[in-house]
S.K.: 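Okay, handing you the structure first.
Indexing begins at 1, ligand by ligand and atom by atom, following the structure's order. Note that the structure is a prediction, hence the values are computed from the model and not measured.
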Amino acid sequence: MNIVVGVTGGIAAYKAVNVIRGLVLAGHDVHVIPTDAALRFVGRPTFEAISRNPVHSDLYEGVAEVRHVAIGQAADLIVIAPATANTLAKLAHGIADDLLTNSVLASTAPVVVAPAMHTEMWQNPATVANVALLRERGITVVGPAVGQLTGKDSGPGRMSEPDEIVAAALAAVGPRDLAGRRILISAGGTREALDPVRFIGNRSSGKQGVALAVAAAARGAEVALIAANLEVDAPQHVSVTHVSSTLELEAAVSAAAADADVVIMAAAVADYRPESVADTKIKKETQGDTLQLTLVKNPDILRGLTERRTPGQVVIGFAAETEQDRTALIALGVAKAARKGVDYLVVNMVGWTEGFATESNAIIVLSGTGDIVSEASGSKAAVADSVLDLLV
Ligand code: CTP
């Protein structure tokens, strides 16, 4: 999608950088229009580097290409973050005195605004009336959140978190084809404690599972995320349960599974855990040159889910494999899909530099009977959408 991000002059402009980044990582072509005031908070090179596009802000530049109309006409979506009280007032009254407000007037695309201002300004009757007018016209207003403001004050007026703005923005244009569906997603990697300070774990960051949760929520699903040691922020607009070990993950997933129409096990689960956990830190002096650990097998959560599947419930597993040869990789997937009894198995190749903790992914999706039903590669957001397309 061609997305215009307007940045107006508030201190929250620095957080707009993460909104831009989120939209770029989700695979969109982002064009930033800062106001002159915004450029006093964040420099043009930052917006250009993060958006990967040239940044224009002047109404009287590029006049020959009728830029003040062309940018708005080409946009599929306009996001304004932060939106100051002044900009909200201008939008409400159709004032177009800079490139951003001209672009909004010249566009028929959905508009999403994320207001940021001090509480008194947000609660001023003028702002209240302007925001009501904008909502009436179908403009999506995200936030503001209640919290610490720029000075010593706190209250309503703080700009919503970037991932919430990204999700709301994509939801404003995206299909609502999962509306009413309840989707349970596990993400991250489980950790098995050895003692109070150490664990056995894996390198899953949780990015793919979180991308699935964000995409499913944007498409209207009611998402429950069971998060195991995420290295990324958990999305704010879905219900999140934090767990650490495989047994904790099993308990949380089992409790939520009966109510779910779809279960997606994206978490990387530790297959074994230490037979006993030391109460105090394991010391070198008492261990000598080698340390023997006895590990016991963890339950297979996915297998348990498919055995207790409710009628009509769809269960999707993930398989992270290091096999490099495509035919052999698919053969491993076919066997795993059958062993686990899943409806779909999302197979991806992982290695020292691939799959885990990266921004992109490549997947082959197998049906329960081992047929290749879809393949996708690109950002984790794009991969998430392709899995959800299949589900739909
Ligand atoms: N899984 C699970 N419980 C486990 C191990 C894995 O629920 N104890 C789930 C994962 O969440 C994933 C799928 O099973 O959706 C496949 O995980 P993977 O680690 O690839 O498979 P394993 O069964 O552990 O087989 P192996 O590690 O031997 O390849």
Side-chain angles (χ1 to χ4, degrees), residues 183-193 199-213 216 224-230 241-258 260 262-275 295-309 313-325 328-351 354-357 361-368 370 373 380 383-384 387-388 390-391:
I183 306 190
L184 173 64
I185 300 173
S186 72
T190 59
R191 291 178 181 175
E192 304 298 345
F199 60 82
I200 298 176
N202 61 68
R203 291 179 44 230
S204 174
S205 62
K207 281 182 187 165
Q208 186 62 73
V210 167
L212 274 163
L225 179 68
I226 314 291
N229 311 296
L230 299 184
T241 305
H242 291 279
V243 296
S244 188
S245 68
T246 300
L247 293 181
E248 286 169 13
L249 178 65
E250 184 189 37
V253 167
S254 307
V262 180
V263 183
I264 306 180
M265 280 291 292
V269 182
D271 290 324
Y272 295 88
R273 67 180 182 278
E275 188 172 41
L295 304 178
V296 294
K297 211 174 198 175
N298 269 325
D300 189 324
I301 304 171
L302 185 56
R303 182 75 209 134
L305 285 169
T306 59
E307 278 166 3
R308 292 189 305 275
R309 190 198 258 113
Q313 188 179 58
V314 178
V315 181
I316 303 181
F318 268 66
E321 305 286 357
T322 51
E323 176 58 60
Q324 302 274 330
D325 177 69
L329 176 72
I330 292 169
L332 284 175
V334 171
K336 193 169 278 186
R339 208 164 56 235
K340 303 268 184 182
V342 290
D343 297 297
Y344 296 105
L345 188 74
V346 180
V347 183
N348 69 319
M349 223 189 51
V350 293
E354 297 143 302
F356 287 138
N361 207 357
I363 58 161
I364 302 171
V365 187
L366 303 176
S367 69
V373 287
K380 288 187 172 172
V383 166
V387 172
L388 298 179
L390 193 66
L391 203 55

S.K.: What's the spacing between Ile264 CD1 and Ile185 CD1 if we round to 0.5 Å?
M.R.: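 CD1 of Ile185 is found 4.5 Å from CD1 of Ile264.
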S.K.: Rounded to the nearest 0.5 Å, how far apart are CD of Glu275 and NZ of Lys297?
M.R.: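 Reported to 0.5 Å precision, the distance equals 15.0 Å.
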S.K.: When you measure from atom 22 (P) of ligand 1 to every protein heavy atom, which one gives the shortest distance, and what is it?
M.R.: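 Looking at atom 22 (P) of ligand 1, the protein heavy atom closest to it is Lys340 NZ, 3.8 Å.
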S.K.: Against heavy atoms of Ala320, which atoms of ligand 1 measure under 4.0 Å?
M.R.: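 The atoms of ligand 1 under 4.0 Å from a heavy atom of Ala320 are 20 (O).
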S.K.: Which atoms from ligand 1 have a heavy atom of Asp300 less than 4.0 Å away?
M.R.: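 Heavy-atom distances to Asp300 below 4.0 Å select 2 (C), 3 (N), 4 (C), 7 (O), 8 (N).
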S.K.: Which of these, Leu305, Leu302, Val315, sits in a side chain to side chain contact (heavy atoms under 4.5 Å, CB included) with Lys340?
M.R.: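 The single option meeting the side chain to side chain contact (heavy atoms under 4.5 Å, CB included) with Lys340 is Leu302.
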S.K.: Looking only at heavy atoms, which two atoms of Ala187 and Val210 are closest? And how far apart?
M.R.: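 That closest heavy-atom pairing would be CB-N, 4.1 Å.
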S.K.: May I ask you to list the atoms of ligand 1 that are less than 4.0 angstrom from any heavy atom of Asp271?
M.R.: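 Close to Asp271: 4 (C), 5 (C), 8 (N), 24 (O), 27 (O).
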S.K.: Does any N or O of ligand 1 fall below 3.5 Å from an N or O anywhere on Ala266, backbone included?
M.R.: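 No - when backbone and side-chain N and O of Ala266 are compared with those of ligand 1, no distance drops under 3.5 Å.
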S.K.: I'd like to know if the side chain of Gln208 and the backbone of Lys380 have a donor-acceptor N/O pair within less than 3.5 Å.
M.R.: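 Yes; judged by distance alone, with no hydrogens or angles, the pair exists.
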S.K.: Could you check Arg309 against Asp343 for salt bridge (charged side-chain N to carboxylate O under 4.0 Å, His left out), going step by step and ending with a plain yes or no?
M.R.: CA-CA 11 Å; Arg309 190 198 258 113; Asp343 297 297; 3.3 Å; yes
S.K.: Taking N or O atoms only and a 3.5 Å limit, does Val269 qualify as a polar contact for ligand 1?
M.R.: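 No; the residue has no nitrogen or oxygen that sits under 3.5 Å from a nitrogen or oxygen of the ligand.
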S.K.: If we ignore hydrogens and angles and just use 3.5 Å, is the side chain of Thr241 paired with the main-chain N or O of Ile226 as donor and acceptor?
M.R.: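 It does not hold such a pair.
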S.K.: Below 4.0 angstrom from a heavy atom of Ala267, which ligand 1 atoms are there? Numbered from 1 as shown, please.
M.R.: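 Matching atoms, with element in brackets: 10 (C), 11 (O).
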S.K.: Indicate yes or no for a side-chain donor-acceptor contact from Asn202 to the backbone of Ala268 under 3.5 Å, with no hydrogens or angles considered.
M.R.: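 Between the backbone of Ala268 and the side chain of Asn202 there is a qualifying donor-acceptor contact (under 3.5 Å).
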S.K.: Going through the checks in order, is the side-chain contact (heavy atoms from CB on, under 4.5 Å) test met by Leu391 and Ile183?
M.R.: CA-CA 11 Å; Leu391 203 55; Ile183 306 190; 4.2 Å; yes
S.K.: Could you tell me which non-hydrogen atom of Thr306 sits nearest to which non-hydrogen atom of Gly341, and how far apart they are?
M.R.: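 Closest pair (atom of Thr306, atom of Gly341, distance): CG2-O, 3.2 Å.
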S.K.: Distance to 0.1 Å, residue and atom name: give those for the protein heavy atom nearest to atom 16 (C) of ligand 1.
M.R.: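 Of every protein heavy atom, Phe318 O, 2.8 Å lies nearest to atom 16 (C) of ligand 1.
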S.K.: Between Met265 and ligand 1, is there a nitrogen or oxygen pair with a distance under 3.5 Å?
M.R.: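 Yes, at least one N or O pair falls under 3.5 Å.
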S.K.: By number and element, which atoms of ligand 1 are closer than 4.0 Å to a non-hydrogen atom of Ala319?
M.R.: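 Per the distance check, 20 (O).
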S.K.: Can you find a non-hydrogen atom of Lys336 under 4.0 Å from ligand 1?
M.R.: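 Within the 4.0 Å threshold, so yes.
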S.K.: Considering distance alone, does some N or O of Asn298 sit under 3.5 Å from an N or O of ligand 1?
M.R.: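 No; every N/O pair is 3.5 Å or more apart.
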S.K.: Once you restrict to heavy atoms under 4.0 Å, what part of Pro299 touches ligand 1? Side chain, backbone, both or neither.
M.R.: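 For Pro299, the contact with ligand 1 is made by the backbone alone.
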S.K.: Considering distance alone, does some N or O of Leu302 sit under 3.5 Å from an N or O of ligand 1?
M.R.: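 Indeed, backbone or side chain, Leu302 has an N or O that close.
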S.K.: Which residue and atom name correspond to the protein heavy atom nearest atom 3 (N) of ligand 1, and how close is it?
M.R.: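 Answer for atom 3 (N) of ligand 1: Ile301 N, 3.1 Å.
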S.K.: Taking 4.0 Å as the limit for heavy-atom contacts, which would you say applies to Arg303 with ligand 1: side chain only, backbone only, both, or neither?
M.R.: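 Arg303 to ligand 1: no contact under 4.0 Å from either part.
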S.K.: With heavy-atom distances below 4.0 Å as the criterion, list the atoms of ligand 1 near Gly317.
M.R.: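 Contacts of ligand 1 toward Gly317, numbered from 1: 15 (O).
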S.K.: Within the distance-only criterion (no hydrogens, no angle test), does the side chain of Thr190 pair as donor or acceptor with the backbone N or O of Ala270 below 3.5 angstrom?
M.R.: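 Yes, the answer is positive, given that a donor and an acceptor are paired below the 3.5 Å cut-off.
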